[in-house]
Amino acid sequence: MSLEALRARLPDYARDLKLNLGSLATEPVLDTQKLAGTFVASAIASRNAEVIRALVAEFGPKLSPEALTAAKAAAAIMGMNNIYYRFTHLVGGDYPGLPAKLRMNVIGKPGVEKVDFELWSLAVSAINGCGMCMESHEKVVKHGGVSTEQVQAAVRIAAVVHAVAGLLDAEEALAA
């Protein structure tokens, strides 16, 4: 499935999502790797098989094999970290001071430029709603030279991809 086929699957009432998905696919403030990796990581984080297949088919070929693996790894590691760190942040108490005791080696050696991996991790953290992780990754990418507009573009991609995934899940449930 292609991006256009995915857009065609969206019902008329979701025209805004369809338009946003199309315009974000050519977002000019992000280079090809940042853009494609954000789409891939966001699709995986959104957990809808159709969205994952379509967006990986569309954007995966625009990434090197290492970058595609890194985008998948960003979604994977943030799936774990966002839950853990959201818990420690929201509950507080002694938890934030305890060692996480979770392996996170990919963050230190992602196989791509650290700033790109961090941007993808930020997009996934936005989908998963971890404020602590968003703040941490935003600080790293800004320090790495990513502009406010580039951060916003990555989060816009995450927002639209997540909304499309949720909408397709809802349409499937309503059709059953």
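The residues of the chain are indexed from 1 along the displayed sequence.
The closest donor-acceptor contact from the side chain of Lys18 to the backbone of Tyr13 lies at 3.5 Å or more, if one exists at all. No side-chain donor-acceptor contact under 3.5 Å links Ser42 to the backbone of Phe39. In this structure, the side chain of Glu58 engages the main chain of Leu3 through a donor-acceptor pair within 3.5 Å.
Closest approach of Ala126 and Val155 over heavy atoms only: CB-CG1, 4.3 Å. Smallest separation of non-hydrogen atoms from Ser125 and Met78: OG-SD, 3.6 Å. Residues Trp120 and Ala74 share a closest heavy-atom pair of CB-CB, 3.9 Å. Among all heavy-atom pairs drawn from Ala71 and Gly37, the shortest one is CB-O, 3.7 Å. When all heavy atoms of Glu138 and Val151 are compared, the closest pair comes out as CG-CG1, 4.3 Å. Here the closest heavy-atom approach between residue Val106 and residue Ala73 is recorded as CG2-CB, 3.7 Å.
Interatomic distance, Gln33 CD to Glu66 CD, rounded to the nearest 0.5 Å: 9.5 Å. Here the straight-line distance linking atom CG of Asn48 with atom CG of Leu167 works out to 9.5 Å at 0.5 Å rounding. One distance of note links CG of Leu102 with CD1 of Ile77; it measures 8.0 Å at 0.5 Å rounding. Atoms CG and CG, on Leu35 and Asp116 in that order, are 11.0 Å from each other to the nearest 0.5 Å. We find the CD-NZ distance between Glu118 and Lys139 to be 12.5 Å, quoted to the nearest 0.5 Å. In this structure, Cys130 SG and His89 NE2 are separated by 8.0 Å, a value rounded to the nearest 0.5 Å.
Taking a 6.0 Å sphere around CZ of Arg47, one finds it holds 12 or fewer heavy atoms contributed by other residues, nucleotides or ligands. Counted within 6.0 Å of CD on Glu171, heavy atoms from surrounding residues, nucleotides or ligands total more than 12; the atom is thus considered enclosed. Within 6.0 Å of the CZ atom in Arg9, the count of heavy atoms belonging to other residues, nucleotides or ligands does not exceed 12. More than 12 heavy atoms of other residues, nucleotides or ligands shown are found within 6.0 angstrom of NZ on Lys114.
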Derivation and outcome, side chain to side chain contact (heavy atoms under 4.5 Å, CB included), residues Leu119 and Val140: CA-CA 9 Å; Leu119 185 66; Val140 172; over 6 Å; no
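A continuous path of hydrophobic side-chain contacts links Met104 to Met132 [ILVMFWY only; heavy atoms under 4.5 Å]. Tyr84 and Val124 fall within a single hydrophobic cluster, where Ile, Leu, Val, Met, Phe, Trp and Tyr side chains are chained together by heavy-atom contacts under 4.5 Å. Residues Met80 and Ile107 share a single hydrophobic cluster, defined by chaining ILVMFWY side chains whose heavy atoms lie under 4.5 Å apart. There is a path of hydrophobic side-chain contacts, each under 4.5 Å, that joins Val91 to Leu98. Residues Val115 and Val29 are members of one and the same hydrophobic cluster, defined by side-chain heavy-atom contacts under 4.5 angstrom among Ile, Leu, Val, Met, Phe, Trp and Tyr.
The residues Arg7 and Glu4 are annotated as salt-bridged, a charged nitrogen and a carboxylate oxygen being separated by less than 4.0 angstrom.
Proximity of Thr32 to Leu63: side-chain heavy atoms (C-beta onward) are nowhere separated by under 4.5 Å. By the 4.5 Å heavy-atom criterion applied to side chains, Asn128 and Ile83 are not counted as neighbours. Contact annotation: the side chain of Val146 approaches that of Lys34 to within less than 4.5 Å [non-hydrogen atoms, C-beta and beyond]. Looking only at side-chain heavy atoms (C-beta outward), Glu172 and Glu50 stay at 4.5 Å or farther from each other.
Residue Ser46 is tested with Ile52, Val164, Ile127 for a side-chain contact (heavy atoms from CB on, under 4.5 Å); the sole match is Ile127.
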